[in-house]
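Structure first, then comments.
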Amino acid sequence: MLLEGKRAVVYGGGGSIGGAVARAFGREGAHVFLAGRTRAKLDAVADDIRAAGGTADTAVVDALDAAAVDAHAAAIAPIDISFNVISQGDVQGTPMAEMALADFERPIVTTVRTHFLTWRAAVRHMPETGGVLLAFGGSGPPVRGYSIGGLQVAFEALEQMRRQLSTELGDRGVRVVTLRTGGVPESIDATFEGRDRIERSLTEMTLLGRTATLADVGDVAAFVASDRARTMTAATVNVSAGALID
Ligand SMILES: NC(=O)c1ccc[n+]([C@@H]2O[C@H](COP(=O)([O-])OP(=O)(O)OC[C@H]3O[C@@H](n4cnc5c(N)ncnc54)[C@H](OP(=O)(O)O)[C@@H]3O)[C@@H](O)[C@H]2O)c1
């Protein structure tokens, strides 16, 4: 198993992407600490991990709350791997020039603040041998023909945090990596009526004729978090099936 003996915290672990990554970490032998705001969602993922033979604990933590993040990190220390998928609060479909300030800045503040707090807390509790900070989102070219408000700005900020932090933490053996996709249709609510149309358009944008599944994202995250990827830092990993060309 790739992550045997590792302790991994997943912020947003009750959601689609966070849940998939947490399940993959659990399957690969990590002790997974799921953090998020809704207990029932976290427990459902933890139950899956345990049913598959893994180890998981849950905690309700608002990742925007510095004191809550610090207390939780101290309680689960030591931390080998920290994964954060939180970039919530974006408003889409409204042109930027017509958008309310609060709607524009919400995903930026959420992304930057939760990553700053959770990364800072994890680093304080990483072993002397180092650790891994992972994030999901990444940057990409501007989206044409559709307005995504502050979300892409948030992802660009995250990439710069990744670059800066990796230079500051390299000598402590801490790796910092982001993953980016061209969209994971499975994560769209099955009851949403535009789901098929979005899936078709996301698929058309790929080179491989298929989009990433949640399991695909979990598999790559587990590899990147493992010692097999010990040379990877200051990097972003493209899991877009060619939708994003580096
Ligand atoms: N899915 C994709 O294809 C895709 C592609 C590119 C980027 N992204 C980005 O990745 C993020 C996650 O996507 P997803 O599909 O997994 O979303 P999701 O299913 O809504 O999961 C997000 C999780 O984050 C948690 N969360 C939000 N704010 C939090 C906070 N302040 N403290 C603690 N937990 C918090 C939520 O918990 P609660 O429900 O309890 O609040 C939820 O479980 C999104 O922001 C999206 O912009 C997604």
Side-chain angles (χ1 to χ4, degrees), residues 9-24 32-46 48 58-73 82-93 106-119 121 134-141 143 146 148-159 178-192 194-195 198-199 201-203 205-206 210-218 220-221 236-241 243-244:
V9 57
V10 179
Y11 298 95
S16 306
I17 303 284
V21 168
R23 288 184 187 90
V32 185
F33 297 90
L34 298 151
R37 293 181 298 192
T38 309
R39 167 75 66 191
K41 292 184 189 175
L42 299 168
D43 285 344
V45 177
D48 285 352
T58 61
V60 172
V61 180
D62 181 351
L64 289 163
D65 179 340
V69 169
D70 287 347
H72 175 251
S82 173
F83 180 85
N84 184 342
V85 73
I86 299 166
S87 56
Q88 258 63 18
D90 53 305
V91 170
Q92 300 196 12
R106 194 177 308 106
I108 302 169
V109 172
T110 301
T111 304
V112 170
R113 183 176 174 132
T114 62
H115 284 77
F116 174 81
L117 292 176
T118 60
W119 282 355
L134 279 181
F136 186 78
S139 63
V143 179
Y146 185 70
I148 61 165
L151 188 60
Q152 197 74 55
V153 180
F155 290 151
E156 292 292 344
L158 189 56
E159 293 303 336
T178 57
L179 310 181
R180 61 197 188 113
T181 73
V184 183
E186 253 184 296
S187 67
I188 303 168
D189 194 327
T191 60
F192 175 61
R195 188 183 197 267
I198 294 173
E199 176 159 14
S201 83
L202 291 175
T203 306
M205 284 190 271
T206 69
R210 56 180 157 78
T211 50
T213 63
L214 287 170
D216 288 332
V217 175
V220 174
T236 183
V237 176
N238 182 334
V239 286
S240 74
L244 301 170

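Quick caveat, the model's predicted, so the values are computed rather than measured. Just follow the structure's listing: the first ligand is 1, and inside any ligand the first atom is 1.
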**OP:** Just jot down the ligand 1 atoms closer than 4.0 angstrom to any heavy atom of Gly183, in number order.
**Re:** 3 (O)
Original post:
Of all the atoms in ligand 1, which lie at a distance below 4.0 Å from a heavy atom belonging to Phe136?
Top reply: 4 (C), 5 (C), 6 (C), 7 (C), 8 (N), 10 (O), 48 (C)
Original post:
Side chains of Asp90 and Ile148: does their closest heavy-atom pair fall under 4.5 Å?
Top reply: no
**OP:** Return yes if some donor-acceptor pair links the side-chain N/O of Ser201 with the main-chain N/O of Ile198 below 3.5 Å, else return no.
**Re:** yes
**OP:** Specify the closest pair of heavy atoms between Ile86 and Ala63, including all atoms of both residues, with the distance to one decimal.
**Re:** CD1-CB, 3.6 Å
**OP:** Write out the residue and atom name of the closest protein heavy atom to atom 33 (C) of ligand 1, then the distance separating them to 0.1 Å.
**Re:** Val61 O, 3.2 Å
**OP:** For ligand 1, find out whether one of its N or O atoms is nearer than 3.5 Å to an N or O atom of Phe155.
**Re:** no
Original post:
Hey, does the side chain of Asp216 reach the backbone of Thr213 with a donor-acceptor pair shorter than 3.5 angstrom?
Top reply: yes
Original post:
When only distance counts, is Val184 in polar contact with ligand 1, meaning an N/O pair under 3.5 Å?
Top reply: yes
**OP:** Measure the distance from atom 21 (O) of ligand 1 to every protein heavy atom, then report the residue, atom name and distance (to 0.1 Å) of the closest one.
**Re:** Gly15 CA, 3.3 Å
Original post:
Any idea which part of Thr181 is under 4.0 Å from ligand 1, heavy-atom wise: side chain, backbone, both or neither?
Top reply: side chain
Subject >> Donor-acceptor contact present, side-chain Asn238 to main-chain Leu244, <3.5 Å >> reply: yes
Original post:
Identify the closest protein heavy atom to atom 22 (C) of ligand 1: which residue and atom is it, and at what distance?
Top reply: Gln88 NE2, 3.2 Å
Original post:
Of all the non-hydrogen atoms in the protein, which one sits nearest to atom 25 (C) of ligand 1, and at what distance?
Top reply: Gly12 CA, 3.8 Å
Original post:
Is the count of non-hydrogen atoms from other residues, nucleotides or ligands lying under 6.0 Å from Arg39 atom CZ greater than 12?
Top reply: yes
**OP:** Looking only at protein heavy atoms, identify the closest one to atom 46 (C) of ligand 1 and say how far it is in Å.
**Re:** Ser87 OG, 3.7 Å
Original post:
Does a donor on one side chain sit under 3.5 Å from an acceptor on the other, for Glu159 and Thr178?
Top reply: yes
Subject >> Residue portion contacting ligand 1 (non-hydrogen atoms closer than 4.0 Å) for Lys41 >> reply: side chain
**OP:** Around atom 13 (O) of ligand 1, find the nearest protein heavy atom and jot down its residue, atom name and distance.
**Re:** Ile17 CG1, 3.8 Å
Original post:
For Val220 and Leu179, which heavy atoms make the closest approach, and how far apart are they?
Top reply: CG1-CD2, 4.3 Å
Subject >> Minimum non-hydrogen distance to atom 35 (C) of ligand 1, winning option of Asn84, Ile86, Val69, Val60 >> reply: Ile86
Original post:
Taking all atoms of both residues into account, what is the closest heavy-atom pair of Val60 and Arg37, and its distance?
Top reply: CG1-O, 3.6 Å
Original post:
Which residue holds the protein heavy atom closest to atom 38 (P) of ligand 1, what is that atom called, and what is the gap in Å?
Top reply: Thr38 OG1, 3.5 Å
Original post:
Which of the numbered atoms in ligand 1 are below 4.0 angstrom from a heavy atom of Gly14?
Top reply: 43 (O)
Original post:
Of all the non-hydrogen atoms in the protein, which one sits nearest to atom 29 (C) of ligand 1, and at what distance?
Top reply: Arg37 NE, 3.4 Å
**OP:** Of the side chain and backbone of Ser187, name the one, both, or neither that has a heavy atom under 4.0 Å from an atom of ligand 1.
**Re:** side chain
Subject >> Working for side chain to side chain contact (heavy atoms under 4.5 Å, CB included), residues Thr114 and Gln88 >> reply: CA-CA 10 Å; Thr114 62; Gln88 258 63 18; over 6 Å; no
**OP:** Report the relative orientation of the aromatic rings in Tyr11 and His72; use parallel for angles under 30°, tilted for 30 to 60°, perpendicular for over 60°.
**Re:** perpendicular
